[in-house]
Asker: 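Here it is: the structure, laid out below.
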Amino acid sequence: MVLALCCVLHGSVRAQSGGPVVAASVTVLENGSSQHLRTDASGGFLIRVDPGLVTVVATAQGFRSIEIGPIRVDQDERMDIALVPADAPTLRTIATVRVNGMQTGVHQFIPSTEISRMQLDQMGFDRVIEGLAEVPSVTFARPDGGASTAPLPVALRGPDPSETLVTLDGQVLNDGNTGDLDLSQLPVSVFSAIEVTEGLGPSDLAASNTFGGAVNLISLRPTLEPRSAFSLSTGSFGRSEGWINASGTAGRLGYAFAADDTQEHGNVDQEVTLCTGGFDSTLPPGSRCIGPSKTHVGSTIGERTALMNLVYNISQSTDVGLRILTLGDLRDMSGAESAPVDPNDGTPGAYFLGPGTANVAQDLRAYDLHGRTPVGAGTLLLDGSLDDDSIGFTGSGVSPYDVTHLDRRENLSLSWQRDGVDYTFAVGASLRRESLSGDFIATTLAQEVHSYFVRGAFSPSERVHLEGGVYLSSYSTFGTNLDGRFGVAYDLDATSALHASVGTGFRAPLLIERYVFPLSALPVDANGVYLGQGNPNENPERATEYEMGYSKRINDMQLDASLYDTNLRDPIENYYPLAQATGGGCIAATPPCTEYPINVGNAVYQGMEVRLSRRFGDVTAWASYGVNVAYPENLPSTVANPTSGGNLVNGEQFLNIPPQQASLGMSWVRGSWHASLDGVYRGRNNELNASAFAVFDIALGDRFGPLDVTLAGTNVTDAVAGKFTLLGQGVPYHGAGGTIPTDLRVIDPAGVRVILTVRR
């Protein structure tokens with residue numbers, strides 16, 4: 001009789017601001033059957049379900065659908081569902097969001113993954129970068145070494161991070177100096193989720209200047225009921241973190257606030273003998289270290305981040321919002337950029353090579369003001385944003401990331417969208433101004449970009465879904481670019497679908513790549529070649545991409561598979577006067593020899609992904625496997641890749657892109673106890689120049705009322721662990737001139753964190 005009375009599922013459907021969504025459709029799926037109802041005048045709903053696994057789908061006119069589950073119900077449960085407007089300020093429109101993470105929807109046109117805050121917290125992750133490692137197409141660039149203080153940009157489906165967009169609620173954050181963004185210090189605590197979309201999206205909201213994909217960071221959102229959380233943690237390497245979240249609704253105003261403070265003493269803290277003029281093993285033992293200097297190397301981190309997100313709900317279809325994110329961090333990168341001359345002797349006082357002092361101060365500011373209101377039969381969306389990425393560097397650097405500069409981007413966009421029962425149509429335009437200044441630039445560099453788009457979606461039948469768009473971009477620096485994208489999805493049945501898409505994309509030259517430096521500002525290598533010159537005649541990289549995939553849902557199991565092929569034309573590579581330099585002709589050449597970027601040849605990115613998730617009672621498990629092949633074609637031997645620095649070989653994998661990647665995760669919840677296991681595998685040719693390796697993280701926690709105590713272990717198997725980069729100890733890379741030695745980059749050894757979190 002008790003079972004007959006269980007269970008009541010009740011709750012509310014609301015907008016971002018916390019206001020109720022009236023007449024929203026709520027569908028509950030259980031045991032192969034479904035129940036449907038609509039929310040009342042307060043946005044509430046109530047439905048009786050049987051004990052077991054249920055999935056809840058909420059939809060409403062003008063909002064993105066959301067799917068929650070499968071979740072286990074064995075008592076009366078309350079569920080508050082927040083819907084995001086279909087025309088919200090995000091980079092790409094995704095028809096259905098899946099809250100349980102690591103899964104794509106059946107009707108998606110391109111692979112997409114949303115990693116929820118709940119999942120990140122349960123795994124004990126405190127940095128965004130840890131969650132991104134789960135995605136099989138994500139590769140990392142480590143230009144300054146593998147330490148936690150070094151910059152860490154990400155790339156999707158290719159070797160170049162500048163071909164991947166990084167956005168905050170759709171606001172582009174890519175830095176104009178390197179074309180990407182250092183994500184190493186972004187804390188989980190100020191975000192609601194990480195959304196990763198791969199390839200070219202038929203429903204992009206603007207010309208995206210990418211073909212790898214996009215990483216969209218979703219800021220902490222308002223909630224209907226007041227909620228708060230506070231956390232303190234401490235752990236290995238002198239790491240401590242404190243963060244606070246608060247969200248809720250006051251009348252028509254929805255609010256969310258977050259703050260994070262992280263301090264770390266680091267894995268490196270010692271005195272070394274730095275050979276400032278190099279090390280020459282042919283000299284007598286006492287004089288091999290040229291210019292010896294006693295130097296301290298370290299890896300301290302100090303980071304503070306704050307977020308404010310406000311949405312004022314004028315009506316169900318009209319609101320205005322303001323979001324502000326600020327991040328500042330100070331890092332000592334001297335440990336990351338230093339290496340012992342003898343790989344077997346990294347003890348205090350040993351001989352080291354490196355730049356010595358290397359401190360970076362990163363200051364990121366992102367502001368966004370947006371609003372929407374009905375106009376005619378559709379909705380008008382206005383968005384204005386500003387972001388600054390400021391890098392202050394003291395000391396000597398080893399890469400383009402180690403330079404003082406300020407990148408500023410101002411953007412204003414206007415769009416109109418109409419949603420019908422089986423169609424969506426939208427038009428829009430945006431104006432962007434970007435400027436780049438720095439100690440290395442004589443004058444501020446700037447460009448203006450005008451973008452226009454027309455996109456739409458249409459379902460001519462219950463089983464066929466079509467999407468497409470045309471995007472025009474006009475740059476003041478090099479001219480215009482026109483792109484088109486089209487996708488189709490076919491429902492084989494209610495639980496499975498095929499999808500395919502084709503489209504073109506581009507990657508605009510960076511401002512710094514087109515700037516001509518005075519030769520006196522450029523370094524000169526041993527061959528007499530001036531390095532890092534710009535090229536004002538550089539044109540965009542252009543690509544055509546083909547995608548196809550299959551999705552299948554079987555009760556509480558989800559399977560997604562996809563194939564992609566990207567043909568890149570006119571890739572940007574660095575020209576080097578190889579013949580003249582190796583013959584000694586560059587030492588006193590007139591005019592001097594220079595290295596500079598050019599458009600040349602082709603490149604191919606190909607791959608496949610398989611993702612599987614399933615629930616087994618109290619355990620939810622997921623796994624992914626990806627193959628990412630990236631190689632150049634028709635390139636002369638006089639060019640090298642600007643990201644990897646290695647000579648290029650036609651038909652051979654780019655350096656630091658492992659062809660095979662995989663991840664495995666499991667989470668367990670029973671009563672107040674919870675646990676998780678997370679493993680990430682990287683094959684050969686990885687960004688650490690190591691043999692194939694796997695990194696495992698674990699977490700175990702228990703709740704005592706509002707208090708959660710979690711013990712989290714990182715890199716528990718000590719994979720590729722150490723303090724310093726080891727010169728010449730990496731897996732060799734076969735370059736154009738033969739085998740090229742590589743340096744073995746290392747990451748932090750096994751560590752532990754104790755996390756205390758109070759949630760109300």
Asker: Under a 4.0 Å N-O cut-off, is there an ion pair linking Glu198 with Arg157?
Answerer: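 Arg157 and Glu198: salt-bridged.
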Asker: So Arg507 and Pro571, do their side chains get closer than 4.5 Å, heavy atoms only?
Answerer: no
Asker: Could you tell me whether the side chain of Arg514 and the main chain of Glu538 form a donor-acceptor pair under 3.5 Å?
Answerer: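 Indeed, once roles are kept as given, a pair shorter than 3.5 Å links the two residues.
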Asker: Look only at the side chain of Glu541 and the backbone of Ile572, and say whether a donor-acceptor pair between them is shorter than 3.5 Å.
Answerer: yes
Asker: Do you know the tightest heavy-atom contact between Arg682 and Ala662?
Answerer: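 In terms of heavy atoms, the two residues are closest at NH1-O, 4.3 Å.
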Asker: Using a 3.5 Å distance criterion without hydrogens, assess whether the side chain of Asn177 forms a donor-acceptor pair with backbone atoms of Pro400.
Answerer: yes
Asker: Of all residues at least two apart in sequence or in a different chain, which pass the side-chain hydrogen bond (donor to acceptor under 3.5 Å, both in side chains) check with Thr164?
Answerer: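 Thr164: no side-chain hydrogen bond (donor to acceptor under 3.5 Å, both in side chains) contacts found.
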Asker: Check the pair Val604, Asn567 against side chain to side chain contact (heavy atoms under 4.5 Å, CB included), reporting the backbone distance first and the verdict last.
Answerer: CA-CA 5 Å; Val604 176; Asn567 298 311; 4.2 Å; yes
Asker: Which pair of heavy atoms, one from Ile391 and one from Val403, lies closest together, and at what distance?
Answerer: CG2-O, 3.5 Å
Asker: Looking at every heavy atom in both Ala721 and Pro749, which two are closest together, and how far apart are they?
Answerer: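 Nearest heavy atoms, Ala721 then Pro749: CB-CA, 3.5 Å.
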Asker: Once you round to the nearest 0.5 Å, how far does CD of Gln119 lie from CD1 of Ile194?
Answerer: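 Here the interatomic distance stands at 9.5 Å.
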Asker: Which residue, Asn689, Thr742, Thr139, forms the side-chain hydrogen bond (donor to acceptor under 3.5 Å, both in side chains) with Asn656?
Answerer: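 One option only clears the test, and that one is Asn689.
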Asker: What's the spacing between Ser473 OG and Asn481 CG if we round to 0.5 Å?
Answerer: 6.0 Å
Asker: Under 3.5 Å, is there a donor-acceptor pair between the side chain of Gln533 and the main chain of Phe517?
Answerer: yes
Asker: May I ask you to decide if Gly484's main-chain N or O and Thr504's side chain share a donor-acceptor pair within less than 3.5 Å?
Answerer: yes
Asker: When rounded to the nearest 0.5 angstrom, what is the spacing between CZ in Phe191 and CG in Leu168?
Answerer: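 Between Phe191 CZ and Leu168 CG, I get 6.0 Å after rounding to 0.5 Å.
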Asker: Is any side-chain heavy atom of Leu648 closer than 4.5 Å to a side-chain heavy atom of Tyr631?
Answerer: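 Answer no - side chains too far apart.
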Asker: Nearest heavy-atom pair of Gly728 and Asp743: which atoms, and what distance?
Answerer: N-OD1, 2.8 Å
Asker: Do you know which two heavy atoms are closest between Val268 and Gly335, and how far apart they sit?
Answerer: CG1-CA, 4.1 Å
Asker: Should the ring pair Phe478 and Tyr475 be called parallel, tilted or perpendicular, given that the plane angle runs from 0 to 90° and is split at 30 and 60?
Answerer: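 Plane angle under 30°, so parallel.
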Asker: Going by heavy atoms in the side chains, are Val516 and Pro536 under 4.5 Å from each other?
Answerer: yes
Asker: Are the side chain of Glu434 and the backbone of Gln447 linked by a donor-acceptor contact shorter than 3.5 Å?
Answerer: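 Flag not set: sc Glu434 to bb Gln447 has no pair under 3.5 Å.
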Asker: Could you go step by step and tell me if Ile747 and Val695 meet the side chain to side chain contact (heavy atoms under 4.5 Å, CB included) rule?
Answerer: CA-CA 10 Å; Ile747 57 178; Val695 175; 4.0 Å; yes
Asker: More than 12 heavy atoms of other residues, nucleotides or ligands under 6.0 Å from CE of Met608: yes or no?
Answerer: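 Count over threshold, so yes.
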Asker: Strictly below 4.0 Å, N to O, side chains only: are Arg331 and Asp144 in salt-bridge contact?
Answerer: no
Asker: What I'd like to find out is whether the side chain of Tyr515 reaches to under 4.5 Å of the side chain of Leu436, using heavy atoms alone.
Answerer: no
Asker: With distance as the sole criterion, is a donor-acceptor pair present between the side chains of Asp697 and Thr714 under 3.5 Å?
Answerer: no
Asker: Is it true that a side-chain atom of Glu595 and a backbone atom of Val529 form a donor plus acceptor pair closer than 3.5 Å?
Answerer: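 Absent.
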Asker: If you measure from OG1 on Thr178 to CG on Leu510, what distance do you get to the nearest 0.5 Å?
Answerer: 7.5 Å
Asker: In Å, rounded to the nearest 0.5 Å, how long is the span from CD of Glu609 to OH of Tyr625?
Answerer: 11.5 Å
Asker: Test: side chain to side chain donor-acceptor pair (under 3.5 Å). Region: residues 596-606. Which pairs qualify, not counting sequence neighbours?
Answerer: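 For residues 596-606, and leaving out neighbouring residues, the side chain to side chain donor-acceptor pair (under 3.5 Å) pairs sorted by first residue read Glu163-Tyr605, Asp565-Gln606, Asn602-Asn634.
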Asker: Test your reading of the model: is there a side-chain donor-acceptor pair from Asn628 to the backbone of Pro136, 3.5 Å cut-off?
Answerer: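 Checking the backbone N and O of Pro136 against the side chain of Asn628, a donor-acceptor pair under 3.5 Å is found.
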Asker: Among Thr638, Thr594, Asp525, Thr582, find the residue that satisfies the side-chain hydrogen bond (donor to acceptor under 3.5 Å, both in side chains) test when tested with Tyr576.
Answerer: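 The option that passes is Asp525.
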Asker: Has Glu545 got a side-chain atom pairing as donor or acceptor with Leu200's backbone, closer than 3.5 angstrom?
Answerer: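 Flag set: sc Glu545 to bb Leu200 pair under 3.5 Å.
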Asker: Does the His499 side chain pair with the main chain of Ala489, one donor and one acceptor, at a distance under 3.5 Å?
Answerer: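 Here the side-chain-to-backbone pair does not exist.
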Asker: Side chains of Leu183 and Leu152, heavy atoms from C-beta outward: is any pair under 4.5 Å?
Answerer: no
Asker: Report the C-alpha distance between Tyr575 and Asn535 in whole Å, list the side-chain angles of each, state the deciding distance to 0.1 Å, and finish with yes or no for side chain to side chain contact (heavy atoms under 4.5 Å, CB included).
Answerer: CA-CA 11 Å; Tyr575 167 77; Asn535 178 8; over 6 Å; no
Asker: Under a plain distance cut-off of 3.5 Å, with no hydrogens placed, do Arg409 and Asn174 share a side-chain donor-acceptor pair?
Answerer: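 No, because no side-chain N or O of Asn174 sits under 3.5 Å from a partner of the opposite role on Arg409.
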Asker: Do Pro540 and Pro509 come within less than 4.5 Å of each other through their side chains, counting heavy atoms only?
Answerer: yes
Asker: Does the side chain of Thr167 pick up a donor-acceptor pair with the side chain of Asn216 at under 3.5 Å?
Answerer: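 Looking only at side-chain atoms, Asn216 and Thr167 do form a donor-acceptor pair, the distance falling under 3.5 Å.
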Asker: Against Thr149, only a single residue in Met333, Gln185, Glu337 fulfils side chain to side chain contact (heavy atoms under 4.5 Å, CB included); can you say which?
Answerer: Met333
Asker: What are the two closest non-hydrogen atoms of Pro658 and Asn686, and how far apart are they?
Answerer: CD-CA, 3.9 Å
Asker: To the nearest 0.5 angstrom, please state how far the OH atom of Tyr550 sits from the CG atom of Leu559.
Answerer: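 Spacing of OH (Tyr550) from CG (Leu559) equals 7.0 Å.
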Asker: For Val360 and Asp402, run side chain to side chain contact (heavy atoms under 4.5 Å, CB included): C-alpha distance rounded to whole Å, both residues' side-chain angles, the deciding distance at 0.1 Å, then the answer.
Answerer: CA-CA 7 Å; Val360 64; Asp402 305 339; over 6 Å; no
Asker: Taking side chain as C-beta onward, heavy atoms only, is Pro151 less than 4.5 Å from Pro143?
Answerer: yes
Asker: For ring pair (Phe, Tyr, Trp, His ring centres under 6.0 Å), just list the numbers for Phe724 and Phe352, CA-CA rounded to whole Å, side-chain angles, deciding distance to a tenth of an Å, and then say yes or no.
Answerer: CA-CA 10 Å; Phe724 303 104; Phe352 272 70; 4.8 Å; yes
Asker: Side chains of Ile129 and Phe140: does their closest heavy-atom pair fall under 4.5 Å?
Answerer: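 Sidechains of Phe140 and Ile129: in contact.
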